[in-house]
Amino acid sequence: MIEQWNIGMMEEKHILKKEQNKMIMEGNLNKDIDYRAEFLKLKKEKNAILLAHFYQISEIQDIADYVGDSLGLAQKALESEAEIIVFAGVHFMAETAKILNPDTKVLLPDLEAGCSLAESCPPLEFGKFKEKYPDHIVISYINCTADIKTMSDVICTSSNAVAIVESFSKDQNIIFAPDKNLGGYVNRITGRNMVLWDGTCEVHDILNTEAVIKLKMDHPDAKLIAHPECKAQLLELADFVGSTTAMLKFTMNDKSKKFIVATETGILHQMRKESPDKKFIIVPTDENCSCNDCPYMKKNTMEKLYLCLDNLLPEITLSDETINKSRLPIDRMLEISKKLNII
Ligand code: 13P
Ligand code: SF4
């Protein structure tokens, strides 16, 4: 018996054998197994690489062949010569890896590692939205499904969004999707008036501006660094706004000894590793809980990494048509980034 999974995509269906899925999701785990060691052994045997985003749990970041932001991960996926890419990130990132390297098997340890931002932009509704603006081009943030990428002219990430927008003339009409916070930030920086799709990241959008003001008063010597997926009120208070890689580099190069960090908690691992003498304070969420752990990023575990590589499931599959159509706007982004030396 098989079970079908559809993570908000129109045409791609991920089919898993029910028994396999049950084992992977519920974890048919043996406490005597050292899953880290077994995964590393399998990785070598099967000629696989592990790509991990900065929001992954520390244990996964520590064994990854590459840890980075969305742009860096896409660039590594493109260059990879491994037979298998195990993607420790979320669904849209693994899809991007498949689009860029279609002959490689791409595995995502937990298919439910989605993204609220990508889910906020269903292709049918986005198609109707686009129809209202026939003279606009579409710039989409990489945090969107492959279907939305097929409907876009160029993709951007938080590393290159400003540069991508500025590569078009001032009089070019633009729709920016799906993150209204990032789009609003780019509008303010570039003086554009892009039409924004109304999507947000459920993690960054609820970071608490009042708490930031209090933290700044309590720690006047600290610099506030923020991811552009945060609300405008918070970004206006920031000393630095950038992608996860840019935030990490800022903490490494800046003379300050203390940073208030407005993003997902996973990035703290690399910040502390790179600058053990510096102090990092994470911005709390509205509910005063630890909701700035992305629930999707944190679905991946060491056990699931091992099980997915052992079973070669769940695998990301896309039709040739989707791969070909979504590749064009990603290639445009990579070309512009290369020209401008953005990595
Ligand atoms: P970057 O790491 O590319 O800045 O993106 C952050 C994010 O939210 C990824 O989902
Ligand atoms: Fe999506 Fe936000 Fe999680 Fe990034 S942090 S994967 S944008 S929900």
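Atoms within each ligand, like the ligands themselves, are counted from 1 in listed order. All values below come from the heavy atoms of this structure, side chains included, with hydrogens, waters and symmetry mates left out. Note that the coordinates shown come from a computational prediction; the quantities given were computed from them, not determined experimentally.
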Check whether any side-chain N or O of S319 sits under 3.5 Å from a backbone N or O of T322 as a donor-acceptor pair, and report yes or no. yes
Salt bridge or not for K105 and E315, using N-O below 4.0 Å? yes
Measure from atom 1 (Fe) of ligand 2 to each N, O or S atom of C294 and report whether any distance is below 2.8 Å. no
If you scan protein heavy atoms around atom 1 (Fe) of ligand 2, the nearest is C115 SG, 2.4 Å
Charged N to carboxylate O under 4.0 angstrom, K339 versus E335? no
With the threshold set at under 4.0 angstrom, would you say M247 reaches ligand 1 through any of its heavy atoms? no
Distance flag, aromatic centroids of F39 and Y306, threshold under 6.0 Å: no
Starting from atom 6 (C) of ligand 1, locate the nearest protein heavy atom and write down its residue, its atom name and how far away it is, to 0.1 Å. H227 NE2, 3.3 Å
Over 12 foreign heavy atoms within 6.0 Å of NZ, K41: no
Against heavy atoms of M297, which atoms of ligand 1 measure under 4.0 Å? 10 (O)
A quick test of your reading: do over 12 heavy atoms of other residues, nucleotides or ligands sit less than 6.0 Å from CZ of R36? no
Tell me yes or no: between the side chains of N292 and T265, is some donor less than 3.5 Å from an acceptor? no
Nearest protein heavy atom with distance in Å, relative to atom 1 (P) of ligand 1: S158 OG, 3.4 Å
Part of S70 with heavy atoms under 4.0 Å of ligand 1, whether side chain, backbone, both or neither: both
A student checking ligand 1 against S243 at a 4.0 Å heavy-atom cut-off should list atoms 4 (O)
Ring of Y66, cation from K76 - is the NZ or CZ under 6.0 Å from the centre and inside 45° of the axis? yes
Any side-chain heavy-atom pair from L334 and L71 closer than 4.5 angstrom? yes
With a 4.0 Å cut-off on heavy atoms, is T157 in contact with ligand 1? no
For ligand 2, which atoms sit closer than 4.0 Å to a heavy atom of N143? 7 (S)
Logged contact type for E264 with ligand 1, heavy-atom cut-off 4.0 Å, is neither
Are F176 and W197 an aromatic pair, judged by ring center distance below 6.0 Å? no
Ligand 2-proximal atoms of E229, by part, heavy-atom distance under 4.0 Å: side chain
Can you report which non-hydrogen protein atom sits closest to atom 2 (Fe) of ligand 2, along with the distance? C201 SG, 2.3 Å
Proximity to ligand 1 by part of Y55, non-hydrogen separation under 4.0 Å: side chain
To the nearest 0.5 Å, what is the distance between CG on L268 and CD1 on I282? 4.0 Å
closest protein heavy atom to atom 8 (O) of ligand 1 is E229 OE2, 3.1 Å
What's the spacing between T96 OG1 and I316 CD1 if we round to 0.5 Å? 10.0 Å
Which residue and non-hydrogen atom of the protein lie closest to atom 10 (O) of ligand 1, and at what distance in Å? N143 ND2, 3.3 Å
S116: numbered ligand 2 atoms lying under 4.0 Å from its heavy atoms: 8 (S)
Which protein heavy atom lies closest to atom 9 (C) of ligand 1, and at what distance to 0.1 Å? M93 CE, 3.6 Å
Heavy-atom contacts under 4.0 Å between L71 and ligand 1: side chain, backbone, both, or neither? neither
